[in-house]
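What follows is one structure encoded as structure tokens, with my remarks underneath.
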Amino acid sequence: MSSDIAVKVDGVSKRYMLGASPLDRLKWSLLGRPVPHDLQHWALRDISFELARGETLGIMGRNGCGKSTLLEIIVGTLAPTAGAVSVSGHMAALLELGAGFDMDLSGRENVYVYGSLLGLPKHVIGSRFDEIVAFAELESYIDEPVKAYSSGMFMRLAFSVAVNATPEILVVDEALAVGDEAFQRRCFARIDSLKEQGVSILFVSHAAGTVIELCDRVLLLDQGEKLLLGPPREVVSHYHRLIYAQSEDQEEIRRQILSGVSLENPDTAPRQETPSPKTTSQQVRSDEKEEFDPALVSKSRLEYNSRGARILACRISAPDGTPLNVLKRGSLYFIEMEVAFDRDCFGVRYGMLIKTVVGTELGGMVSAPAGQGLEQVAKGRRVKVRLPFRPRLNSDLYFANVGVVGLAEEGEIFLHRIIDALTFRILRERDSTITSSVDFSAGEEPVIEVSSKTG
């Protein structure tokens with residue numbers, strides 16, 4: 001197998017015998033008799049593909065299509081009936097979070113047990129123990145038996161151990177929807193970090209947006225067969241067409257996908273009829289009020305090294321300057337930053353980017369177009385920036401990056417950048433007929449205040 005290939009699946013098939021007794025199976029095996037056709041169920045038929053090093057490959061398909069069976073064969077917990085799998089590199093699998101945990105042992109003891117099952121030596125687990133516990137947010141419960149944990153606590157600990165196994169190949173089967181939104185964001189941030197380190201990832205999910213965001217290619221399975229392997233958006237479009245089709249149309253759609261025939265309008269699922277949006281203010285009412293919730297703190301914050309500027313503080317505020325992080329959809333707010341400059345900087349611009357819990361980038365804005373930033377900001381200056389935005393978003397949790405860019409010999413660079421610097425929540429609206437949209441243009445000019453004093 002080529003050194004550029006992490007996993008090679010070659011003609012893998014898996015057959016189960018249904019309704020046969022152990023004695024019948026023994027007779028067929030010893031006497032070499034064929035298994036009756038009506039007792040054979042092929043979960044997989046002749047599946048072949050390769051996972052390149054550093055690639056993230058998604059696997060999608062309807063329930064019962066063979067996704068989990070395929071992953072179990074790849075990780076070695078299930079033997080194929082035919083075909084072979086070659087793996088090059090240390091693998092960690094998240095097929096069933098917590099498999100291998102002993103419910104009577106404490107969280108501390110299970111970290112060592114589960115870590116050893118994932119191939120971590122005891123001394124390595126010890127060196128990473130504090131990080132594992134902190135990531136799972138279980139410092140106060142780590143010495144309690146896991147049978148006393150809630151399902152969320154249990155899943156957080158299992159995920160934390162798995163992602164700290166530093167694998168070369170990570171296999172994930174519907175295991176990222178663990179914990180609350182803030183913890184999910186940390187999970188996806190960790191997956192992004194592993195991708196940047198060149199880890200090869202096999203990712204099974206029904207969440208189309210997540211697959212498009214994370215994956216380089218996607219494999220579509222159906223009835224144990226490989227229907228398509230290609231770009232995420234194309235495969236997701238075919239997947240949606242298949243799952244939303246009437247039962248009498250599904251076989252024809254399968255045939256078209258297998259033959260490579262382009263489907264008509266494959267990129268959208270059937271739309272539900274909705275009433276025309278009302279424009280009166282009475283139609284949109286919130287059950288809650290704007291406020292500042294001190295519990296909404298980003299736990300996935302990542303601050304890059306300064307290259308001439310430092311973002312000292314950032315927050316979301318109302319037009320009158322009141323700090324807020326529980327917001328109303330469509331209202332005007334500002335992302336405020338205070339930036340200190342440690343050297344003379346040129347072509348300075350300020351920006352922000354809004355993301356979902358799974359890291360999907362929704363959009364943002366900058367203080368000026370490329371090439372039209374502040375011509376010069378002198379060393380020692382402090383700058384206050386207010387970037388206006390109107391979050392036309394559905395009720396959910398969101399994250400914001402903030403950054404400062406400037407000109408250098410190699411072009412425009414980040415002078416300072418903070419990933420997931422801010423967390424905010426959009427209020428749930430009652431009786432709303434507004435459909436989801438993303439539009440951050442607030443119709444306001446950025447306000448930049450440069451102090452007259454240095455320091």
Working note: Tyr149 + Phe154, criterion ring pair (Phe, Tyr, Trp, His ring centres under 6.0 Å); need CA distance, chi angles, decisive distance, verdict.
CA-CA 6 Å; Tyr149 286 11; Phe154 183 85; 7.5 Å; no
List for me each residue that meets side chain to side chain contact (heavy atoms under 4.5 Å, CB included) alongside Val405, sequence neighbours excluded, and say none if there are none.
Arg349, Glu412, Phe414
Can you confirm whether more than 12 heavy atoms, excluding those of Glu375, are under 6.0 Å from its CD atom?
no
Do any side-chain atoms of residues 67-78 form donor-acceptor pairs under 3.5 angstrom with protein atoms, and if so which ones, sequence neighbours left out?
{"residue": "Lys67", "atom": "NZ", "partner": "Gly61", "partner atom": "O", "Å": "3.0"}
{"residue": "Lys67", "atom": "NZ", "partner": "Arg62", "partner atom": "O", "Å": "3.4"}
{"residue": "Ser68", "atom": "OG", "partner": "Asp173", "partner atom": "OD2", "Å": "2.9"}
{"residue": "Thr77", "atom": "OG1", "partner": "Glu72", "partner atom": "O", "Å": "3.3"}

Indicate whether the side chain of Glu55 and that of Ser200 have a donor and an acceptor atom separated by less than 3.5 Å.
no
Any side-chain heavy-atom pair of Leu327 and Ile316 under 4.5 Å:
yes
Are the charged groups of Glu131 and Arg128 less than 4.0 angstrom apart, N to O?
no
Could you work out, with ring pair (Phe, Tyr, Trp, His ring centres under 6.0 Å) as the rule, every residue matching Tyr141, not counting sequence neighbours?
none
Identify, with sequence neighbours excluded, every residue that meets salt bridge (Lys or Arg N to Asp or Glu O under 4.0 Å) alongside Asp344.
none
Only counting residues at least two apart or in another chain, list the ones meeting side chain to side chain contact (heavy atoms under 4.5 Å, CB included) with Glu410.
Arg307, Ala408, Ile413
Quick test of your reading of the model: are Asp342 and Lys379 salt-bridged, counting only N-O distances below 4.0 Å?
no
Which residues share a salt bridge (Lys or Arg N to Asp or Glu O under 4.0 Å) with Asp320, sequence neighbours left out:
none
